[in-house]
Structures are given as C-alpha cells and as structure tokens.
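Structure, as structure tokens:
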Amino acid sequence: MIVRRCAAVLAAAAVIGAGAAPAVAASPSPSPSKALPAGLFGTTDPTYDGVWRQSLALLAQHTVGVEPAAKAVDWLTGQQCANGAFAAFRAEPAKACDARTQVDTNSTAAAVQALAALGGHRAEVGKAVDWLKDNRNKDGGWGYSPGGASDANSTSVVIGALTAAGEKDLGPSYDALLTFSLPCDGEGAGAFAFQPDKKGKLTANADATAAGVLGALGQGLAAEAGRKKFNSCSDGGEPTPSRAAAHGASYLAGAMAKDGHLVSALPGSTDQPDYGNTADAVVALAAQGGAARAAKPLAWLKENSAAWAKQNGPGAYAQLVFAAHATGTDPRHFGGQDLVSLLNATGPAPQKANTENTENTGNTGKADKDEKKDEGGFGLYWFIGVCLVAGIGAGFLLSGRRKAGQRS
C-alpha cells in the first residue's frame, strides 16, 4: 500500500537504471496543499496519497461496522474527474480535470473498492470502472499511470476493484498477473515480481507478492479469510491464478518464518522491519490459506505496530484493521490498541459506530447488493519522484503512496 507501492517502484527503478539517477518526467507535479480540506482523514499533506488514504479509511470503517461521516464520503466522491478517474489529490475539485491532471489506476481502484462497499454510489463506481476498463493495457494488466507498462501491484488492486464492482470478464487480467509470477525453481520461487527488467528477468518482491496473492484470488484490500490449500511451490500443472496465489503465499510465509515480519530493502540502507508490507502479507496469507497461516506475523504486528501506526495515520490503521479482519481478530483489542477508535480519531466523527466485536463484519465486492438495498499518461520516473518526496519513514525511509494505507 503506501509503503509497498513505492517499494516496488523503487526496486524496479534500481533494476531499470542501476547507477543512473532517473530524471523526473517533465509533466507538471501537483502543488502541495496549503490547507487540509474538510472531510479528509489524516493531518499530513494529501498531495500524494489523499484519495488512497481516504479510500482505505472509509473501507476499513465499513469493514468494522462503522458508518463514515457523510462529509468524508463526499470528499472522496468530489475528487473524481468527469471521466471517472481519480488522481492522488485534487486541491481544487471544483475545477474540471484536464490533460495535466495526474490521474492513476491505483487511486481510482482504491476509491472503487471503498465506494462499492459503502453502497449508494452506483454512478461514481460505474464511471470509475469504465475508465479502468478503457485504460486496461493490451496485455490485460494495468500500470500505475494510464498507458504505463503493466505491473503486478497495479494489476492486482484493479482486479480487486473490478471484482468489488461485480465485473466478471477478468480472464485476460488474471493472465497478465500470472506473467509476474516466478517459477518454483531458483531464487524467489513462487513470488511475484513488480515488473520484469529490461531483459525480461523477474525478481522476487515481497510487496508485489502480497498484492499478487490477493489479485490472483480476486480479493480486494479488505479480503476475507480463505480456506484454499496452502502448497509449497511446485511447478506441476498448468499455471492458474489459484496456484500462483498458493505459491506466492508460500513465499511470504518463508520470508517471515524466522522473524515474523518482512524487512525493507532499500539500496544503501540497513534492512529494517517493514510494518506495512507485513500487514499486507498477513492479509494475503489469511486470504489464501486461513488465519492460522498468518499467526506469527499477526502476533508480531500486535506487539510492534503501535508506534508505526500512530506516526503514519489513517492508512496504517486501515491496514491493521484489514489484517485483523482477514484473521478474525477483534480490531478493538489488537495488541492493546483499539484500532477502530484510533482510526476514527484521524478523520471526521463517524455517523454511527458499532461498538461490538466486529472482526467478521462487512466485505468488499457487494456493490450490486448494496445498491439494491439503497433503491458502481505519466511515467514511472515521475512516480519515483513522488515516492522520494512523500516519504513517511517508520522503518521504511521512502514510504509514500502517491501513491496503508498501505500498494505496506
């Protein structure tokens, strides 16, 4: 999510241009906001992650039975462009989007997942879905920016969004996602890569793997616990999304077997615990093989994530809520933290808050049912610049989701 998107892009950048400082694309960068808009979650500059963190916060509230503040939902819908797309943040939402508006697939997909879950937003969801489908690459996948080369993270989060909106014809997108899955022989067996390098080589990336597992399962950010067989990596049989998800989960389990967490992997820096990616990995493990598969990293998060979440705000709290939800854990008693209250405190007071144990309430992918009750480019190097500017630290020096949370 916030961390994992930049982790993957920076990793890709290291492969693509090792030894060369990438130039930021000439396309204009958004100006930092001067005042925080009413209805927005969080207190930090939303320029690079406003829609993302808002979407995660609203989705997390819905997941635990909290009815978000109307102005928080209105802020999100007000960010949408007339063509259905979302940018990371629009400081002047009353001004029409134009060719200079840096819309992206990830912000759009996150907004779809939140609005589809909340219900009552068929028009907004429908326009966003149409935009995502119109900007699907020929290979069936998506890049961060429309028209950009497909990557595992973007393809996965869009699959989650389209599934949440009730879309069915996703075969080509699953095929695209499988192209990022590493074989079971050699280094990084079973993992997903962010993108192939210039020579077509795939390099294992834990961030992309957590995303890829959910994408291959057709699950969104607020995934449900699964009961699929948890296989060690084996190349037997034809590649399928289910098999790729199992192999990716096996890779994540192995990566966290010793310490119970993933580590950041930024060139030139000492490896440190990666809280966000660990939370994403918990969701992926539980979604693929059940809560028991995620027990060790979940316990580590309960013990160690409080300071990280406090520093990083609504997106981080949302990621922990998703981890609790996927594992059937009470988010109000998460390692001594009440994640629901802490998340609610980062934004407008909710309309209605369920004070009961809510670990199994709510899910994404219910747009049609909710509606019935209520009656759904800019280049890689520019994004690298975004990541560098929008770093939020906490064990991962360049975490900023331009793109919680949270691709972590």
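All values derive from a computational prediction rather than experimental measurement.
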Exercise for the section: Please name all residues satisfying ring pair (Phe, Tyr, Trp, His ring centres under 6.0 Å) with W300, sequence neighbours left out, ordered by chain then number. Expected result: H261, Y275

side-chain contact (heavy atoms from CB on, under 4.5 Å) partners of [X], counting only residues at least two apart:
X	answer
A111	V51, S55, L76, F86
C81	N83, R90, C97, T101, V103
A60	A318, V321, F322, L343

Is a donor on one side and an acceptor on the other found under 3.5 Å between the side chain of [X] and the backbone of [Y]?
X	Y	result
T105	S145	no
T346	G42	no
Q54	F41	yes
T155	W142	yes
S173	G140	yes
Q351	A69	no
S250	A246	no

Got a second to check how far [X]'s [atom1] is from [Y]'s [atom2], nearest 0.5 Å?
X	Y	atom1	atom2	answer
Q288	R293	CD	CZ	8.0 Å
Y251	T209	OH	OG1	5.5 Å
W308	L301	CH2	CG	7.5 Å
F192	T179	CZ	OG1	9.5 Å
F89	Y48	CZ	OH	11.5 Å
W75	L58	CH2	CG	9.5 Å

On a heavy-atom basis, which atom in [X] and which in [Y] lie closest, and how many Å separate them?
X	Y	answer
A149	Q195	O-NE2, 3.1 Å
A210	L252	CA-CD1, 3.9 Å
L132	A109	CD1-CA, 4.3 Å
H62	A117	CE1-O, 3.2 Å
A152	L177	O-CD1, 3.9 Å
D45	D49	O-OD1, 3.7 Å

Practice task
Could you name each residue pair satisfying salt bridge (Lys or Arg N to Asp or Glu O under 4.0 Å) that touches residues 301-325, not counting sequence neighbours?
Solution key: none

Problem - Residues, nucleotides or ligands: over 12 heavy atoms within 6.0 Å of K71 NZ - result: no

Is there a side-chain contact between [X] and [Y] (heavy atoms, below 4.5 Å)?
X	Y	answer
Q79	P93	yes
V282	M256	no
P46	L40	yes

Problem - Residue pairs involving residues 303-343 (criterion disulfide bond (SG atoms under 2.5 Å apart); sequence neighbours excluded) - result: none

With sequence neighbours left out, write down each residue that passes side chain to side chain donor-acceptor pair (under 3.5 Å) with [X], or none if nothing qualifies.
X	value
Q61	N344
S341	D338
S150	N137, D139

Practice task
Not counting sequence neighbours, which residues clear salt bridge (charged side-chain N to carboxylate O under 4.0 Å, His left out) with D175? List them please.
Solution key: none

Handout entry: Qualifying residues under salt bridge (charged side-chain N to carboxylate O under 4.0 Å, His left out), relative to K133, sequence neighbours excluded
Key = E167

Practice task
For the pair V283 and Q219, evaluate side chain to side chain contact (heavy atoms under 4.5 Å, CB included) and give the outcome as yes or no after the intermediate values.
Solution key: CA-CA 10 Å; V283 176; Q219 292 263 30; over 6 Å; no

Practice task
Would you tell me whether R53 and T44 have side-chain atoms, one donor and one acceptor, within less than 3.5 Å of each other?
Solution key: yes

Exercise for the section: Would you please say whether a donor-acceptor pair under 3.5 Å links the side chains of N106 and S154? Expected result: yes

Handout entry: Test side chain to side chain contact (heavy atoms under 4.5 Å, CB included) applied to R332 and V64, step by step
Key = CA-CA 9 Å; R332 295 185 179 278; V64 297; 5.7 Å; no

Hey, can you pull the donor-acceptor pairs under 3.5 Å for the side chains in residues 211-218, sequence neighbours left out?
none

